[in-house]
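What follows is a single structure, written as structure tokens, with notes after it.
Chain identifiers are assigned alphabetically (A, B, ...) following the order of the sequence lines, protein sequences preceding nucleic acid strands; residue numbering begins at 1 within each chain.
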Protein chains: 2
Amino acid sequence: MRSYGQYCALAKALDVIGDRWTLLIVRELLLRGACRYTDLKNGLPGIATNLLADRLRDLESAGVIERRDEGRYALTPWGEGLHEPIYALGRWAGPLMQERGDAAFRPQWLRHMVIARFEGSDPQRRDMVVEVRVEGGEPAALVSSAGRVHLVRGAAASPDVVLSGPPDGVAGLLGGRLSIAAAKSRGVKVGGDAARLAGLRPRTGLPA
Amino acid sequence: MRSYGQYCALAKALDVIGDRWTLLIVRELLLRGACRYTDLKNGLPGIATNLLADRLRDLESAGVIERRDEGRYALTPWGEGLHEPIYALGRWAGPLMQERGDAAFRPQWLRHMVIARFEGSDPQRRDMVVEVRVEGGEPAALVSSAGRVHLVRGAAASPDVVLSGPPDGVAGLLGGRLSIAAAKSRGVKVGGDAARLAGLRPRTGLPA
DNA sequence: CCGGATCCGGGTTGATACTG
DNA sequence: CAGTATCAACCCGGATCCGG
């Protein structure tokens with residue numbers, strides 16, 4: 001990318017990650033850890049293969065990613081630091097997630113939404129396990145424990161709540177944009193004690 | 001901009017602010033409040049006039065900015081929400097600010113750097129006034145009071161410390177990348193009790 | 001001077017085909 | 001699997017021009 005030529009931190013940041021597709025590549029690496037070329041291509045529907053190769057080269061020479069064993073790509077420690085701006089952007093764009101339309105979806109992106117909303121520790125958070133089954137993806141378990149929320153792969157052993165349905169419905173409910181009733185009307189099935197979901201307590205602005 | 005067509009909050013955010021120059025326009029509006037077209041053009045050295053007009057149209061139709069009285073452009077409440085991701089990106093890019101080279105500089109960007117590093121309240125922060133005189137700009141006063149740091153226009157009445165010199169030296173010192181000695185070797189003059197600067201206490205990760 | 005609009009050359013992106 | 005090659009379409013940058 002052409003540099004903005006401005007002695008300003010934001011402009012310098014955009015010199016590195018401002019190109020088209022670049023930040024989405026970092027998103028995939030944040031979500032999934034070290035990835036192979038084909039994993040990235042699959043997690044970035046719509047990218048042209050030459051652009052992916054170009055961006056990976058640029059990111060590596062900028063020091064954001066590095067090549068690991070077996071040709072895997074991974075973020076450097078500095079690259080991991082893009083965590084904060086990326087999730088901040090995701091939270092900002094929450095209102096744009098109302099309609100899915102015909103946009104592509106990958107189940108791993110649900111993890112992104114959960115991190116954006118429940119990141120950090122909240123002592124008042126209730127312990128619980130929510131099984132999440134989004135159409136077209138493998139099941140995952142949202143685990144709230146010791147004040148923190150995680151999303152792990154695989155079905156839950158004994159979930160308190162089970163959520164299943166289309167991506168936009170499940171995402172709207174987990175993202176706090178849809179009430180349980182509204183989510184149901186979008187095709188989401190809620191099993192178990194739905195009222196417990198309120199105990200997840202989304203972040204208010206406190207990280208760490 | 002062409003949409004990524006992905007049902008992911010980050011991709012949706014980039015659909016809106018991912019175009020070249022767009023986030024820098026928002027930076028100027030965050031720093032200076034409502035701006036006229038010419039103010040923006042001046043704060044964005046290197047932008048082509050047609051691109052500025054295009055971006056302003058796009059941002060308005062997306063709901064990020066709105067036109068006020070006398071043709072001024074201002075952020076909407078949603079647009080103001082870009083504060084967090086923008087300053088997070090600025091903090092991430094701190095290491096890239098080592099060398100100024102021949103990059104353009106505007107004195108108002110110093111404010112951006114101060115916000116990125118000292119944003120939020122810290123009860124252990126010491127009260128003080130630091131006058132900042134960067135070459136080519138009008139003087140400003142960095143005021144630490146009641147745990148918060150602000151940068152206001154104009155010379156200080158009775159500053160505890162006076163900083164003056166070239167942009168990269170002053171920015172390096174305020175940004176924590178240069179020691180006082182290193183900043184002096186880059187042409188920064190430090191008047192008053194330089195040791196007091198340590199009492200500013202940069203943010204550790206706690207907002208609000 | 002302010003606030004753009006128009007035009008054009010060159011660079012970037014996107015889609016597809018191809019290769020070790 | 002992991003890219004490279006090619007080429008058309010689009011976007012960006014720079015210059016110029018125009019109405020108030």
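- Between A:L56 and A:R2, it is A:L56 whose nearest contact on DNA chain D lies nearer the 5' terminus.
- For the pair B:E131 and B:V161, the minimum side-chain heavy-atom distance is 4.5 Å or more.
- Within the 4.0 Å cut-off from OP1 or OP2 of C:dG14, at least one side-chain nitrogen or oxygen of A:W21 is found.
- In terms of polar N and O atoms assigned as donor or acceptor, the side chain of B:N50 comes within less than 3.5 Å of the base of D:dG14 in a complementary pairing.
- In terms of polar N and O atoms assigned as donor or acceptor, the side chain of A:T49 comes within less than 3.5 Å of the base of D:dG3 in a complementary pairing.
- The CG atom of A:L14 sits 14 Å away from the P atom of D:dC12 (whole-angstrom rounding).
- Atom CG in B:D54 sits about 13 Å away from atom C1' in D:dC10, given to the nearest Å.
- Note on B:R67: a side-chain N or O is less than 4.0 Å away from OP1 or OP2 of C:dG4.
- Contact annotation: B:Y73 reaches the phosphate of C:dG4 (side-chain N/O to OP1 or OP2, under 4.0 Å).
- At whole-Å resolution of the value, CD1 in B:I47 and P in D:dC11 are 16 Å apart.
- If you measure from atom CG of B:L52 to atom C1' of D:dG13, you get 13 Å, rounded to the nearest angstrom.
- Atom CG of A:D19 and atom C1' of D:dC11 are 13 Å apart (whole Å).
- Listed pair B:R20 / C:dT12 fails the phosphate criterion, with no side-chain N or O lying under 4.0 Å from OP1 or OP2.
- Rounded to an integer number of Å, the gap from CG of B:L24 to P of D:dG13 is 11 Å.
- Among the atoms of the strands shown, none is found under 4.0 Å from any heavy atom of B:R72.
- If you check every strand for non-hydrogen atoms under 4.0 Å, B:G46 touches sugar and phosphate atoms only.
- Centroid-to-centroid, the aromatic rings of A:H150 and A:F118 stay 6.0 Å apart or farther.
- OP1 and OP2 of C:dG3 both lie 4.0 Å or more from every side-chain N or O belonging to B:R57.
- Heavy atoms of B:A48 sit under 4.0 angstrom from at least one base atom.
- Checking the phosphate oxygens (OP1, OP2) of C:dC1, no side-chain nitrogen or oxygen of B:R36 falls inside 4.0 Å.
- Rounded to a whole Å, the CG atom of A:L51 is 17 Å from the P atom of D:dT6.
- For B:Q6 and A:R27, the side-chain atoms include at least one donor-acceptor pair closer than 3.5 Å.
- Around CZ of A:R32, the count of heavy atoms belonging to other residues, nucleotides or ligands within 6.0 Å exceeds 12.
- Rounded to whole angstrom, the span from the CE atom of A:M1 across to the P atom of D:dC12 amounts to 9 Å.
- Salt-bridge formation is not detected for the pair B:D122/B:R203: no Lys NZ or Arg NE/NH1/NH2 atom is positioned less than 4.0 Å from an Asp or Glu carboxylate oxygen.
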